[in-house]
Amino acid sequence: MSGKWNPFYWIGKGCTRMYPKEYIDEVEFQELGDDITLTSSMEGHNIMAHAWGVKVRMCFVSTHSTTLPGKPSNKRRWREVLDEDGDEIGQTEVYNKTVKRKKVVEMYFDATSIIDINKHMRQGGLALEIAWRTQSWASRVVATVLGIVETDAYLLYKKFHPGSTKLSHSDFIEAVSKGLLLQKNVGAQAARRRLQSETEALPHNILPLNTLPMYNKDSEQCIATYASRLCHICKSPCKNYCNICSDTSKSQIVALCGLKSKQGSTCLVKHIVGATQ
């Protein structure tokens, strides 16, 4: 059980070269559900090697669990119906097969199907990997992550809003899509107007470059007829400047993107924050 490892809490099924499998395989189990547990420590953390005796002996490694009795495994099975002489009569019956197990095994099987449920809902709901035909691995990763996030959001909705109106997965996707589209179109415009109103009271005013004498063709100070400079924040061409931070007498112009541009709000905020620090 020694070697390099990551000290996080987990329960995993399977074994590696560090697992004491040879010793565990020598242990004879008398009935289904018997088990054996070995413990060790590594870098101050406890490690548990646990084997559960079922039809195929299952091996587990855990850093955070217990060997207290757990809820028994209950599986539905079918078997042939026999007559008084022990002969089959061509009929089957359903029965529940119960096998004892420790808490460490119960915790593992309670959580092991979660990833399969998530994948099934992701591929059967949003299914971005199917709808988004691409040969780019980066695009595929984005599609997968978006699908996982959307599926997790739906599962959280079902868990924490049990009394609300029940939505199917497809209705949830439609509601989220419409909300994002409206937020993009309406929310961005509202944020831009709010930022513009908030910055009006600040000691920073954005004015067009063509109001400067150096860009006025009728002025003696005119040096160019096309008013354009590079924004000192994003280095993109812009047609505005901050008249408070600029010194027109020395031709020191602090160019900024306008609020109507895509990056204008961000450039103005960064300029104000930088000027006040």
More than 12 heavy atoms from other groups under 6.0 Å of [atom1] on [X]:
{"X": "W78", "atom1": "CH2", "value": "yes"}
{"X": "L68", "atom1": "CG", "value": "yes"}
{"X": "E93", "atom1": "CD", "value": "yes"}

Do the side chains of [X] and [Y] join up, straight or via other hydrophobic residues, at under 4.5 Å, putting them in one cluster?
{"X": "Y23", "Y": "Y19", "result": "yes"}
{"X": "W132", "Y": "V145", "result": "no"}
{"X": "I244", "Y": "V254", "result": "no"}
{"X": "V149", "Y": "V141", "result": "yes"}
{"X": "V27", "Y": "L38", "result": "yes"}

If the condition is side chain to side chain contact (heavy atoms under 4.5 Å, CB included), which residues does [X] pass it with, not counting sequence neighbours?
{"X": "D171", "result": "L167, S168, E174"}
{"X": "E129", "result": "R122, Q123, R140, T144"}
{"X": "L128", "result": "L126, A143, L146"}
{"X": "H169", "result": "M121, E150, T151, Y154, I173"}

Checklist line | Positive for side chain to side chain contact (heavy atoms under 4.5 Å, CB included) with W52, one of V99, D34, V104 | finding: V99
To check you understand the geometry: which heavy-atom pair defines the closest contact between [X] and [Y], and what is its length?
{"X": "T112", "Y": "D116", "result": "O-OD2, 4.0 Å"}
{"X": "C242", "Y": "S246", "result": "O-OG, 2.6 Å"}
{"X": "E80", "Y": "T92", "result": "OE2-CG2, 3.8 Å"}

Working to the nearest 0.5 Å, report the span between [atom1] of [X] and [atom2] of [Y].
{"X": "L156", "Y": "D152", "atom1": "CG", "atom2": "CG", "value": "6.5 Å"}
{"X": "Q91", "Y": "D83", "atom1": "CD", "atom2": "CG", "value": "11.0 Å"}
{"X": "R79", "Y": "R77", "atom1": "CZ", "atom2": "CZ", "value": "12.0 Å"}

Notebook entry, point to check: Does the H50 side chain pair with the main chain of T37, one donor and one acceptor, at a distance under 3.5 Å?
Noted result: no
Next item on the list: Could you tell me whether the side chain of E106 and the main chain of K71 form a donor-acceptor pair under 3.5 Å?
Entry: yes
Margin query: Y108 vs V105, test: side chain to side chain contact (heavy atoms under 4.5 Å, CB included). Steps then yes/no.
Written below: CA-CA 5 Å; Y108 173 81; V105 181; 5.7 Å; no
pair [X]-[Y]: side-chain heavy atoms closer than 4.5 Å:
{"X": "S228", "Y": "C238", "answer": "no"}
{"X": "R229", "Y": "I253", "answer": "yes"}
{"X": "N74", "Y": "K97", "answer": "no"}
{"X": "T39", "Y": "N46", "answer": "no"}
{"X": "L82", "Y": "I89", "answer": "no"}

Checklist line | Criterion side chain to side chain contact (heavy atoms under 4.5 Å, CB included) on L256 and H232, from CA distance to verdict | finding: CA-CA 6 Å; L256 281 172; H232 83 288; 3.4 Å; yes
Check: When the ring planes of Y157 and F172 are compared, do they come out parallel, tilted or perpendicular, using 30° and 60° as the limits?
Finding: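 Ring orientation of Y157 relative to F172: tilted.
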Next item on the list: Please step through side chain to side chain contact (heavy atoms under 4.5 Å, CB included) for the pair R101 and F109, ending with a clear verdict.
Entry: CA-CA 11 Å; R101 60 182 178 179; F109 283 104; 4.0 Å; yes
Checklist line | Aromatic F29 / basic R57 pairing, under 6.0 angstrom, 45° off normal | finding: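 R57 over F29 ring: yes.
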Next item on the list: Answer yes or no on whether R76 is positioned over the face of Y95, meaning its NZ or CZ is under 6.0 Å from the six-membered ring centre and within 45° of the axis.
Entry: no
Next item on the list: Please identify each residue that fulfils side-chain hydrogen bond (donor to acceptor under 3.5 Å, both in side chains) with K102, with sequence neighbours left out.
Entry: D35
Next item on the list: Could you pull out all residues at least two apart from T67 that satisfy side-chain hydrogen bond (donor to acceptor under 3.5 Å, both in side chains)?
Entry: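 Per chain and number, T67 pairs via side-chain hydrogen bond (donor to acceptor under 3.5 Å, both in side chains) with no residue.
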Next item on the list: Please assess L207 against N240 for the test side chain to side chain contact (heavy atoms under 4.5 Å, CB included), listing each intermediate value before the final yes or no.
Entry: CA-CA 5 Å; L207 297 177; N240 301 275; over 6 Å; no
